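Comments concern the structure below.
Order of listing sets the numbers, starting from 1, for every ligand and every atom in it. Being a predicted model, the structure only gives us computed values, none of them experimental.
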Amino acid sequence: MFTTLNEKFEKIVSSLKGKAIISENDLDVTLREIRIALLEADVALNVVKSFIENIKLNILGKEVLKSIHPDQMIIKLVQDELVKVLGSNNEPIKFSNTGLTKILFCGLQGSGKTTTVAKLANYIKKNSKKKILLVSADIYRPAAQDQLKILSNQIDVNFLDNQNANSIKELILNALKNAAKQLYDILMIDTAGRQVIDDNMMNELRLISKLLEPQETILVADSLTGQDAANIAKKFHEAISITSTILTRIDGDGRGGAALSIKSITGAPIKFIGTGEKIDQLESFHPERIANRILGMGDIVSLVEKASENINKADMENLANKISKGNFDLEDFSKQLKQMNKMGGVTGIMSMLPGISKAQKLMANNNISDDLVKRQIAIISSMTK
Ligand code: GDP
C-alpha cells in the first residue's frame, strides 16, 4: 500500500528540498503534482480539493514563500495536512466504564470482517485481562458461524453457538443475556456481510444496532477498493452511525485512496489496519506514521515496536557474541532470516525505512524479495546438520 503515492511524494519533496526561493509558479506546479498524485491514488475528489485548498491557504496565510526555509515549511505543511486527513491521532477502542462493552462489526461480504473480529479479540486479549465473548449474527450461512468458531478456538476466546436461533432478534437478545450472566467484559458481534443496496439487510443491521446499543460500531473496509470503500462507509454510517473503521489488506498493492478518504467522508477514525491474513497481523493506526511513510520519511517508531515485539534480546546478544567471535553459521543465518520474516519480511521492513523507494525498486529488479528469503530458509533446512 502507498508505494506509488510514496514514490510520487518523494519526487515532489525532493524537487523542493534545498530551494532557497520558491516562486508562486513553483508552488502552483507542486500543488498540481500533489493533486495528480492524490487523484491517481484514488482519493475522493472532494478530499483532494480541500487538501490542496488547505495547504494553499496555509502557505499564503503564513507567508511561507518569503520565509528562510520555504522548502521545509511547505513539506511540513503537506505532512500536517496528510496527518489531518488520515485522522490526526491514534484513537483507541472505546470501552464501557461499567459493565459490558458491546462491539458491533459490519461491512461488505469478503471485506475481511470475520477475520478482523478474531484479530481484534486476540489483540485485546493480549493487551488486557478482559473476558471476551464472540458471536456470529449470520443466521443465513452456517459456514460463517463455523468460521468464527474455528478462529475463536485458535485464539482461545469463547464463542457462543447460535446455530438454532430462529430470528436475529432472538440471537442478539440471547447473546446479551449470556454475556451478562457469565460476566463477560466484551461482547463482539460479527454480522452477515451485506450489500449496501440491499434494504432488507441494512434494516436488519439497524435492528441489531438498536437491540445491542453498542459502544463501538466498527466498519471493516477493504482498502483495495479505493475511494469506493469510503462511499460504502458513508452508506453504513448513514444507516447505523459507525464509530470507527478498520481497514484490511493494507499489505496489498492498493493505491491508498480508501485510507486517505474514509475519515473525511465518515468522520469516524480509522483505529486499526489489517496487514496480512494471519491473526496477529493487525496494527493500531497512527496517522502521523503513515503520513511519514507516504512522504518517504519512513516509520522508524513502528519498526522499533515490531522489533521489540518479535526479537528476543538474549538471543540477539548471543548472536552478536557469535558474530564477534567469527562463529556465525548457516543455522544462525537461517534464524536471522526467520526473524526478519516475523517482522514483515524484507519488503515490510524496507517500507518503514526512510527514503527507500529507489532501493526497493533496485531490489525488485535484482529479484531480491520475500520469496528469495523463503527459498534460502528452505535450502538451509534441507541440509544435513
Ligand atoms: P468476510 O466475508 O468479510 O467475513 O471476510 P473474511 O474474514 O472471511 O476474509 C476474507 C479473506 O480475506 C480471507 O481469506 C482472509 O484471510 C483475508 N483477509 C482478511 N484480512 C486481511 C488482511 O488484512 N490482509 C490480507 N492479505 N488478507 C486478509
Do K131's NZ or CZ and the ring of Y184 fall within the cation-pi criteria of under 6.0 Å and 45°?
yes

Residue by residue, ordered by chain and number, which ones reach under 4.0 Å of ligand 1 with a heavy atom?
L108, Q109, G110, S111, G112, K113, T114, T115, K119, Q147, T248, R249, D251, G274, T275, G276, E277

Using a side-chain heavy atom cutoff under 4.5 Å and only I, L, V, M, F, W and Y, what cluster partners does [X] have?
{"X": "L57", "result": "none"}
{"X": "I36", "result": "none"}
{"X": "I279", "result": "I93, F95, I103, F105, V117, L120, Y123, I124, I132, L134, L148, L151, I155, V157, F159, I186, M188, I218, V220, I246, F272, L282"}

Exactly one of K169, K177, E170 should register a side chain to side chain contact (heavy atoms under 4.5 Å, CB included) with L173. Which one does?
K169

More than 12 heavy atoms of other residues, nucleotides or ligands under 6.0 Å from NZ of K234: yes or no?
no

